[in-house]
Amino acid sequence: MNAQPIESPTQSLSHSSTRSAIVIAALMGMLTCGLAALRPVEAFAQAQAQSNEAGSLELVDPDVFRACGDPRNLPFSNDKSEGFENKLAELLATKLGKKLSYTYFPQATGFVRMTLGSYRCDVIMGFPQGDDQAQVTIPYYRTTYALIAKPGSGLDDVTSIDDPRLKDKRIGVVAKTPPNTNMAMNGLLGRAKFYPLFIDTRADSSAQAMIDDLNQGTIDCGLLWGPMAGYFASQAKPPLVVVPLVKETTGPQMMFRIGMAVRPADQEWKRTLNKLITENQAEINKLLISYNIPILDATNAPITSETLSKRP
């Protein structure tokens with residue numbers, strides 16, 4: 001689950017939607033109240049029966065790669081399997097020789113409980129390390145918030161919010177995300193335009209609204225969660241510049257390591273996924289880059305197609 005991290009670094013991307021992209025303002029409706037109450041019980045009973053045979057309660061169906069995601073949360077996932085988390089699930093299912101099934105559920109409060117915790121799936125494809133709602137694998141990418149601007153704006157190389165060039169700029173930012181604090185510390189909120197964190201993605205997109213405002217000149221630049229910044233900026237015509245904010249020294253955490261979430265008891269499943277990530281990291285990097293996701297190495301340098309081609 002992925003969308004924008006909120007200001008407290010102890011909270012997960014799921015509360016804001018990492019996970020990705022922006023959170024649906026949680027209508028759980030009849031599906032939640034009716035089928036959701038029944039299906040977890042059936043799934044658990046099935047898993048319990050399997051545990052009697054195999055001595056394990058980890059996977060409901062060991063022959064199926066059962067993933068969960070948001071049905072309208074590009075670039076992460078959607079119900080047309082167009083997101084990079086969809087494609088990653090396809091890749092890993094193929095590597096394991098399993099069938100793939102996807103359960104879609106809005107990424108709002110209760111997402112983990114109603115999906116992974118209710119045995120509707122066995123893995124959430126994007127989850128921040130450090131979140132205690134679930135057990136997290138080793139990370140398969142590391143990213144950060146980013147600045148988006150028009151080419152030739154003079155902001156093409158701004159890598160921190162305290163850059164003097166931002167002092168008189170109209171800056172777009174999603175409310176309650178980490179950049180808000182840094183903007184406040186640098187006196188940049190007076191001319192800021194805020195976009196809602198909690199929205200219904202069936203009808204709205206804060207990221208797309210920010211991109212549209214930037215193209216129309218309503219704002220001079222925007223601060224957005226890296227995967228969303230890279231994806232939506234690349235869709236703009238002409239494409240916008242994306243600069244990862246890698247030099248922040250104060251304020252809340254901006255960079256996050258993203259892995260996959262499994263249930264706390266699923267130790268063997270976690271080991272299997274860790275092995276898959278390690279063995280297929282280069283292919284995973286290529287997938288992320290194809291979606292224009294800004295990914296960083298351990299030194300905060302961008303990982304690009306060019307840098308990948310130079311690696312042995």
Side-chain angles (χ1 to χ4, degrees), residues 1-4 13-14 17-24 29 31-32 35-36 39 43 59-108 111-112 114-116 118-128 134 137 139-141 143 199-205 207-208 225-235 258-262 269 272-273 276-277 279-295:
M1 45 194 238
N2 273 291
Q4 302 169 86
L13 306 189
S14 64
S17 328
T18 356
R19 74 161 158 272
S20 292
I22 308 173
V23 181
I24 294 179
L31 176 62
T32 302
L35 293 178
R39 292 175 61 187
L59 302 181
V60 172
D61 187 342
D63 297 323
V64 180
F65 191 100
R66 302 168 65 246
C68 277
D70 191 295
R72 286 170 288 272
N73 196 22
L74 290 176
F76 306 101
S77 64
N78 71 4
D79 54 11
K80 297 179 181 178
S81 297
E82 295 172 331
F84 72 80
E85 290 180 358
N86 296 113
K87 303 305 180 186
L88 178 58
E90 292 172 12
L91 170 66
L92 300 187
T94 299
K95 296 291 183 181
L96 290 172
K98 294 174 179 276
K99 298 177 182 177
L100 173 64
S101 78
Y102 235 103
T103 295
Y104 293 102
F105 201 85
Q107 284 190 347
F111 176 81
V112 175
M114 295 304 300
T115 56
L116 194 65
S118 297
Y119 288 85
R120 303 174 94 186
C121 64
D122 301 313
V123 59
I124 296 171
M125 297 306 297
F127 210 80
T137 66
Y140 63 91
Y141 73 104
T143 190
I199 65 170
D200 184 345
T201 54
R202 291 172 296 183
D204 298 304
S205 167
Q208 187 60 60
W225 177 227
M228 302 174 77
Y231 176 78
F232 282 97
S234 69
Q235 304 293 309
I258 308 299
M260 303 172 200
V262 300
W269 180 225
T272 297
L273 292 172
L276 280 172
I277 293 169
E279 292 176 347
N280 298 281
Q281 187 64 67
E283 200 165 348
I284 293 171
N285 286 344
K286 290 178 182 177
L287 171 62
L288 294 167
I289 291 169
S290 73
Y291 279 78
N292 297 290
I293 309 302
I295 52 177

Considering all heavy atoms, the nearest [X]-[Y] contact:
| X | Y | answer |
| --- | --- | --- |
| Y140 | G259 | CE2-O, 3.5 Å |
| P128 | I258 | CA-CD1, 4.0 Å |
| N280 | L276 | ND2-O, 2.8 Å |
| L100 | A89 | CD1-CB, 3.9 Å |
| Y102 | M125 | OH-CG, 3.4 Å |
| Y231 | P75 | CG-CB, 3.4 Å |

Report yes or no: does [X] contribute a side-chain atom to a donor-acceptor pair with the main-chain N or O of [Y] at less than 3.5 Å?
| X | Y | result |
| --- | --- | --- |
| T115 | R120 | no |
| T103 | C121 | no |
| W269 | D122 | yes |

Parallel, tilted or perpendicular: which one describes the rings of F111 and F105, with boundaries at 30° and 60°?
tilted
Rounded to the nearest 0.5 Å, what separates atom [atom1] in [X] from atom [atom2] in [Y]?
| X | Y | atom1 | atom2 | value |
| --- | --- | --- | --- | --- |
| I295 | I289 | CD1 | CD1 | 4.5 Å |
| K87 | L288 | NZ | CG | 14.0 Å |
| L59 | R66 | CG | CZ | 8.5 Å |
| F84 | I293 | CZ | CD1 | 4.5 Å |
| K80 | R72 | NZ | CZ | 10.5 Å |
| L88 | I277 | CG | CD1 | 7.5 Å |

[X] versus [Y]: any side-chain heavy-atom pair under 4.5 Å?
| X | Y | answer |
| --- | --- | --- |
| L116 | C68 | no |
| F65 | T94 | no |
| S81 | E90 | yes |
| Y291 | L287 | yes |

Pairing donors with acceptors under 3.5 angstrom, does anything connect the side chains of Q281 and N285?
yes
Using side-chain contact (heavy atoms from CB on, under 4.5 Å) as the criterion, list what pairs up with K99, not counting sequence neighbours.
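K99 satisfies side-chain contact (heavy atoms from CB on, under 4.5 Å) with V64 once adjacent residues are dropped.
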Of all residues at least two apart in sequence or in a different chain, which pass the salt bridge (Lys or Arg N to Asp or Glu O under 4.0 Å) check with E283?
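Testing E283 for salt bridge (Lys or Arg N to Asp or Glu O under 4.0 Å), a comparison that skips the adjacent residues, returns K95.
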Does the pair L96 and T272 meet the rule for a side chain to side chain contact (heavy atoms under 4.5 Å, CB included), with working shown?
CA-CA 9 Å; L96 290 172; T272 297; 3.9 Å; yes
